[in-house]
Amino acid sequence: MAYDEQLADRIRDALGPALPEAVEKKMFGGLSFLIDGNLAVAASGKGGLLVRVAPEEVDRLIDGEFVTVMTMGGREMRNWLRVAPEPLADDAVLGEWVERGVRYARSLPAK
């Protein structure tokens, strides 16, 4: 499944002031947005959004229904969350997730 191009456009809109520093790269079957070489968010090829978050935020953000830990190759990626498409229909919710991913990417050393 290809990533949702409308979601990718909405991510670009949500990036707002961070857009000039964001680099887009096709990865993991989707379209990823990197800040200083660090992945922040991605329009997933499986639908929805992948968001990189601070490890200490993971347990608080998981709801088991719409927000789950990303699994790749059968392995949980603890500071990557998968957000289902349903809550992302709200631009404000999408914006919160994008900002969370950008904030964490900016906290990491540039690559």
Side-chain angles (χ1 to χ4, degrees):
M1 169 198 233
Y3 66 89
D4 181 339
E5 291 186 29
Q6 288 179 331
L7 177 59
D9 286 339
R10 292 178 58 229
I11 292 169
R12 289 182 193 100
D13 290 342
L15 282 167
L19 187 57
E21 67 184 283
V23 173
E24 297 180 20
K25 190 172 184 180
K26 290 185 179 181
M27 302 173 74
F28 309 122
L31 184 65
S32 299
F33 294 83
L34 296 86
I35 305 291
D36 295 327
N38 294 295
L39 268 88
V41 297
S44 173
K46 295 181 180 180
L49 186 72
L50 300 179
V51 184
R52 191 171 184 188
V53 299
E56 62 272 9
E57 289 187 289
V58 171
D59 290 334
R60 177 178 60 82
L61 295 170
I62 293 172
D63 69 7
E65 182 179 1
F66 296 114
V67 182
T68 57
V69 173
M70 182 180 111
T71 303
M72 182 181 288
R75 189 174 132 227
E76 282 191 351
M77 309 294 284
R78 279 298 294 170
N79 64 324
W80 277 96
L81 299 179
R82 177 176 299 284
V83 183
E86 294 84 358
L88 300 174
D90 182 328
D91 286 339
V93 171
L94 174 63
E96 289 171 12
W97 283 108
V98 169
E99 175 54 32
R100 188 174 280 120
V102 167
R103 185 173 53 247
Y104 185 64
R106 283 183 174 153
S107 76
L108 300 170
K111 292 184 178 180

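Residue numbers run from 1 in the order of the sequence given.
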Where do [X] and [Y] come nearest, in terms of heavy atoms and distance?
X: Tyr3; Y: Ala8; result: CE1-CB, 4.0 Å
X: Met27; Y: Ser32; result: CB-OG, 3.6 Å
X: Gly47; Y: Arg82; result: O-NH1, 3.6 Å

Pair Leu31-Leu7, side chain to side chain contact (heavy atoms under 4.5 Å, CB included): steps then yes or no: CA-CA 10 Å; Leu31 184 65; Leu7 177 59; over 6 Å; no
Worked check of side chain to side chain contact (heavy atoms under 4.5 Å, CB included) between Trp80 and Leu39: CA-CA 10 Å; Trp80 277 96; Leu39 268 88; 3.4 Å; yes
Could you give the side-chain donor-acceptor pairs of residues 9-20 under 3.5 Å, partners two or more places apart or in another chain?
residue, atom, partner, partner atom, Å
Asp9, OD1, Arg12, NH1, 2.5
Arg10, NE, Asp91, OD1, 2.9
Arg10, NH1, Leu88, O, 3.0
Arg10, NH2, Leu88, O, 2.5
Arg10, NH2, Asp91, OD1, 2.7
Arg12, NE, Glu24, OE2, 2.7
Arg12, NH2, Glu24, OE1, 2.9

From Met77 atom CE to Met72 atom CE, the distance as rounded to the nearest 0.5 Å: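 So the CE of Met77 and the CE of Met72 are separated by 5.5 Å.
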Taking distance alone, no hydrogens or angles, what donor-acceptor pairs closer than 3.5 Å link side-chain atoms of residues 53-66 to residues at least two apart or in another chain?
residue, atom, partner, partner atom, Å
Glu57, OE2, Arg60, NH2, 2.9
Asp59, OD1, Arg78, NH2, 2.8
Asp63, OD1, Glu65, N, 2.8
Asp63, OD1, Phe66, N, 2.7
Asp63, OD1, Val67, N, 2.7

Test item: Leu81 and Leu50 side chains (from C-beta on) under 4.5 Å apart, heavy atoms: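 No, their side chains stay 4.5 Å or more apart.
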Acceptor/donor pairs from residues 102-111 side chains to any protein atom, 3.5 angstrom cut, sequence neighbours excluded:
residue, atom, partner, partner atom, Å
Arg106, NH2, Glu21, OE2, 2.6
Ser107, OG, Tyr104, O, 2.6

